[in-house]
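One structure below.
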Amino acid sequence: MDYKSTLNLPKTAFPMKGNLPNREPEFVERWMKQGLYQRIQASRAGKPLYVLHDGPPYANGHIHIGHALNKILKDIIVKSRTMEGMQAPYVPGWDCHGLPIEHQVTKQLGDKKRDMSATDLRRQCREYADKFWNIQRDEFQRLGVLGDWERPYLTMDKAYEATIIREFGKFVEQGGVYKGLKPVLWCTQDQTALAEAEVEYMDHTSPSIYVKFPFGDYSPAKLASGNFFGIPELADVEKVSIVIWTTTPWTLPANQAVAIHPLIEYAFVRVGDEVLVMADELVEKVCQECDLKDPEIIGRKKGNDVFEALRCQRPLSKGLSPVLLGDFVTLEQGTGCVHIAPGHGMDDYLLTSKYNASGQRQVLTEPLQVLVPVDDYGRFTNEVEAFAGQHVFKADPAIVETLRQLDVLVGHDKLIHSYPHCWRCKKPVIFRATQQWFVSMDEGRLRERALEEIDRVQWIPERGRERIFGMIENRPDWCLSRQRIWGTPIPGFTCAQCQTPLINPQVIDRIAGLVSEHGADVWFERSARELLPDGTTCAACESTEFNKEQDILDVWLESGVSHAAVVKQQGEDWWPASLYLEGSDQHRGWFHSALLSSVTTDGRAPYRAVLTHGFVVDGQGKKMSKSAGNVVAPQDVIKQHGAEILRLWVAAQDYQEDLRISSQILTQLVEAYRKIRNTCRYLLSNVYDYDPHNPAHNVEVSQLPELDRWALLRFNNLIRHVRQGYEEFDFRQIVHELDYFCSVDMSATYLDILKDRLYTSRADSPLRRGSQMVLYHIVTGLARLMAPILSFTAEDVWDAVPGRETSPEDSVHLSTFPEPVTISGEADLEANWKQLLAIRTVVLAALEQQRREKVIGSSLEARVVLNVVPALYGFLQAYEQELPTLFIVSQVVVRSTEHPAGEKHLASEEALGMSVNVVKAEGEKCERCWNYRDSVGGAPEHPTLCDRCIEAVT
RNA sequence: GGGCCUAUAGCUCAGAUGGUUAGAGCGCACGCCUGAUAAGCGUGAGGUCGAUAGUUCAAUUCUAUCUAGGCCCA
């Protein structure tokens, strides 16, 4: 007789292989078609809100692995909050304006750009942004991310642009907006400002000169005194000078100061009848390059010792330059003393701004000026009489000659070095201060208020607080203007007569209205007269002629106001957002600009919590780059393994640090995935004939055997840990718990033990039905617990659960997390089973010994002899009937003894007080259940079956 | 150069107010099973806890320096 057909062997259509790359798109399409996101939102109406506000990626190019990481993390959080029963909307957005797109479009246009209007160029940029945000949308959806993809927000939407202008208006209203000078990279050939991304570094030959700045306030004798340097030898010399080194002689007319490093040691070097001051470490080098004869060091002083505020003579302009202390001074080149021209260098500008600010003002006798005696074409203006009209580079030799004649030139050479060139015309560019719009950090206490708000926000990880605090604390005023086309215009005007700026809330409000109706293009299409309210006159000269502002706003302001343009628009209770979640670089970017914007306009931070993640690096922890050839593209991972593996990767990594990715890591995750999937498959395959709604298929938990209650207990434990993991954003823990539960608790323990019962019992025996109830409980719960991470597989499992009212509308993502079941005496049960499983481990080791000796193969061929101390014997007696099942052997004998180790044994465990021996099982092997039993052969009609099986088949 | 941060088995991660043989899962090796089968089970081997110095009775855990790496800034 074919007894195999009388077994209840597992049955399921759920495939072992996920075939993820092919099947995932089907799920995505189904979710989209059934309007899953909208239905989830509707089902959570009125529930507690959890608003994760999406930071807009830049609408340029395909998504990279960092985008995938960011969006998957967000999706896991949104889904898990949803499954906790909250209303967790997700409105994705894109950052559409800005230089990279304008740069790309300009590059593609080439010469055609010359005769193109601003509006035409803007149209091209818009098309470009449209193309890419749509591409990215598809790619994000492919990752399984649920959200309001039908109505995302775009910073180039009319309504959004209008909000940008209104929020800028609030800055103006608060009085913090002003116009001032700031150095930018400038191409004198194209007469245009350039961003750092628009310059290419190439070799360039510059003059290299050393120039004396003689101390002007005091005589050498005075400087020699104890009040100053206390170097008596100074009294005997004619002149004491600081020596600077520069490769841009043309910036000397704009000199305002000399900077030295506070911690560097400076030497007083006597050369002939004068003394030169330079960094001690560089004396030899400088003397060699400048051919200085018989230098003698007569003293040394540290930078922060007395030098500060001493003044020296400017070589090419009137006045005295103070000595300032700057951390950026290095010993790499030059003299350790730097000539400071705030109109022509970023360090120079920042240092003088710092000194001009109230804190260090007393060091100066007068404020330092940002001088820019150079016009748009790079020519000296009349402010520099001697060289007026000459291009600065052309003037260099004449300037050097003048310095020589003035006897301040210490040395002169040439230097080939890497220097920024215009990306378009390839000519060397210069640093040149131009008029820009700023928002003051200190007017209206913006800085102070922002710092206060930082402490009201939860920073995850906590160190994020230090990072943004330090940045806000030290940042200069926010420069809001950009000399570009593709963006939101600065709604300001200048009187055509007297150049008085016109910018006020009423005018801005009118512009915002126009923009909300026509889009920001209206600014470029209409004249100043058309844009301004009728009858606008200049407050200073009453002229009615105005020029409109040419610059656009910094895109960081644009994305920064998304809390107003997006979050607030959805409803009053949406703002402030529950969470912002981006890469840690956004402490300087979006978190920063959003904070400043929101503090200005609303007086508080726009987020309650900020979570940051690290950056994706390769398997060695190295940054990914095209040149290193170690880039992992999400598209490739999806094609090879499926988005699910990428999702699992995100969850399994410690996202607070750098995240490594490599084929080895992915392969490992594929293995872990298979284990989880296969466990689900096996669970499903054993409930094929179970009906959750049939009372006969259900058993009271208290009536279940301990083994099943233990399984429920372990699953309770999993539920608690997984939900806690989601709550605390600790997804690693979840993956490890899931993995452990599937591998150890289920596969290696519960399911392995259960096979005999499931297969060989009568199909509807209460014992089997009870187990099926547990399996059903676990598989449906498991699908829900994994759904936020393994969104596709969870849905796949959900579909395959038998007896559940399935409909095309249903989805695991509409459900909520499972709750732990009540198990009476849970703590005792847990303790007892911990001990039983520890004993099991010792038994398994003993079985392995006999397997090696070829005494047994399958564990069912074994008879286990346990020698245990009396205390343990008492404990085990209660379980005697269960032990063969637990060890998956045919027979178990328990013997009490004072010295287990003294008995014949193959394995022992002193801590437990036991030893184990294993012998061949007694009796015959039952053909049906494979157990060895004395009863086999007892019934003539079934000579190869045991008593238990006979009962099952008749 | 400055700010913030990281470094535990091949991989992903635990862990210890400083104190016995540093854990898990996976992978690997070997074996078993063939009624989860491109599955399942078992046993086992893997770590000078990045390097060096210091504090201490005792450091992988604290301090300093260094090395490697990441983000931001210059």
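Below, read A as the first sequence line, B as the second, and so on, with proteins coming before strands; counting in each chain starts at 1.
- Nucleic acid contact class of A/Thr330 (heavy atoms, under 4.0 Å, all strands): none.
- Using a 4.0 Å heavy-atom distance criterion, A/Gly470 is classed as making no nucleic acid contact.
- For the salt bridge (Lys or Arg N to Asp or Glu O under 4.0 Å) condition, the pairs that include at least one residue of residues 660-674 of chain A, sequence neighbours left out, are A/Glu671-A/Arg674.
- Residue A/Gln664 has its side chain nearest to B/C11 when only B/C11, B/G42, B/C13 are considered.
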**OP:** If a protein heavy atom is under 4.0 Å from the base, mark B; if only from the sugar-phosphate, S; if neither, -; do that for nucleotides 35-40 of chain B going 5' to 3'.
**Re:** BBSSSS

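- A/Glu466 contributes atom CD, which lies 9.5 Å from atom CD1 of A/Ile454 (distance to the nearest 0.5 angstrom).
- In this structure, B/U37 forms no base pair with any nucleotide, since neither Watson-Crick nor G-U wobble geometry is met with both distances under 3.5 Å.
- Pair assignment for B/U17 gives none, since no Watson-Crick or G-U wobble pairing has each distance under 3.5 Å.
- Qualifying ring pair (Phe, Tyr, Trp, His ring centres under 6.0 Å) partners for A/His587, counting only residues two or more places apart in sequence or in other chains: A/Phe591.
- B/C41 atom P lies 21 Å from atom CD of A/Gln849, rounded to whole Å.
- B/G50 and B/U60 have their P atoms separated by 10 Å, with the value rounded to a whole Å.
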Original post:
Once each nucleotide of nucleotides 68-74 of chain B is scored for protein heavy atoms under 4.0 Å, what B/S/- sequence comes out, 5' to 3'?
Top reply: -SSBSSS

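- B/C32 and B/U37: their C1' atoms are spaced 14 Å apart (whole Å).
- When heavy atoms are screened at a 4.0 angstrom cut-off, A/Val744 is found touching the sugar-phosphate backbone but no base atom.
- Across the strands present, B/G42 finds its partner in B/C30; the criterion is a Watson-Crick or G-U wobble pair with both atom distances under 3.5 angstrom.
- Between A/Asp730 atom CG and B/C13 atom P there is a gap of 11 Å when expressed in whole angstrom units.
- Residue pairs meeting the side chain to side chain donor-acceptor pair (under 3.5 Å) criterion with at least one member in residues 644-657 of chain A, sequence neighbours excluded, are A/Asp75-A/Arg647, A/Arg463-A/Glu657, A/Glu644-A/Thr793, A/Arg647-A/Ser791, A/Asp654-A/Arg732.
- B/G54 and B/C11: their P atoms are spaced 31 Å apart (whole Å).
- The side chain to side chain donor-acceptor pair (under 3.5 Å) analysis of residues 9-21 of chain A, with sequence neighbours excluded, yields the pairs A/Asn19-A/Asn22.
- Partners of A/Ala651 by side-chain contact (heavy atoms from CB on, under 4.5 Å), not counting sequence neighbours, listed by chain and number: A/Ile76, A/Phe731, A/Val735, A/Ile789.
- The gap from the P atom of B/U12 to that of B/G18 amounts to 28 Å, rounded to the nearest Å.
- Taking atom CD of residue A/Gln733 and atom C1' of nucleotide B/U12, one finds them 15 Å apart after rounding to whole Å.
- In this structure, the CG atom of A/Asn474 is 15 Å from the P atom of B/G2, given to the nearest Å.
- With a 3.5 Å ceiling on both atom-pair distances, B/A22 lacks any Watson-Crick or G-U wobble partner.
- Taking atom P on both B/G44 and B/A39, the two are 24 Å apart, rounded to the nearest angstrom.
- In A/Glu924, the CD atom is not crowded: 12 or fewer heavy atoms of neighbouring residues, nucleotides or ligands sit closer than 6.0 Å.
- The C1' atoms of B/G31 and B/G47 are separated by 26 Å, rounded to the nearest whole Å.
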Without placing hydrogens or testing angles, list every side-chain donor-acceptor pair under 3.5 Å for residues 329-347 of chain A, not counting sequence neighbours.
{"from": "A/Thr330", "atom 1": "OG1", "to": "A/Glu332", "atom 2": "N", "distance (Å)": "3.4"}
{"from": "A/Thr335", "atom 1": "OG1", "to": "A/Val243", "atom 2": "O", "distance (Å)": "2.6"}
{"from": "A/Thr335", "atom 1": "OG1", "to": "A/Cys337", "atom 2": "N", "distance (Å)": "3.1"}
{"from": "A/Thr335", "atom 1": "OG1", "to": "A/Cys337", "atom 2": "O", "distance (Å)": "3.3"}
{"from": "A/His339", "atom 1": "ND1", "to": "A/Asn255", "atom 2": "ND2", "distance (Å)": "2.7"}
{"from": "A/His339", "atom 1": "NE2", "to": "A/Thr251", "atom 2": "OG1", "distance (Å)": "2.8"}
{"from": "A/His344", "atom 1": "ND1", "to": "A/Phe431", "atom 2": "O", "distance (Å)": "2.8"}

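- B/G23 shows a glycosidic angle more than 90° from 0 and is accordingly assigned anti.
- In this entry the distance linking CD of A/Glu861 with P of B/C33 reads 7 Å, nearest Å.
- For the side-chain contact (heavy atoms from CB on, under 4.5 Å) test, residues two or more places apart in sequence or in another chain that qualify with A/Pro100 are A/Tyr58, A/Asn60.
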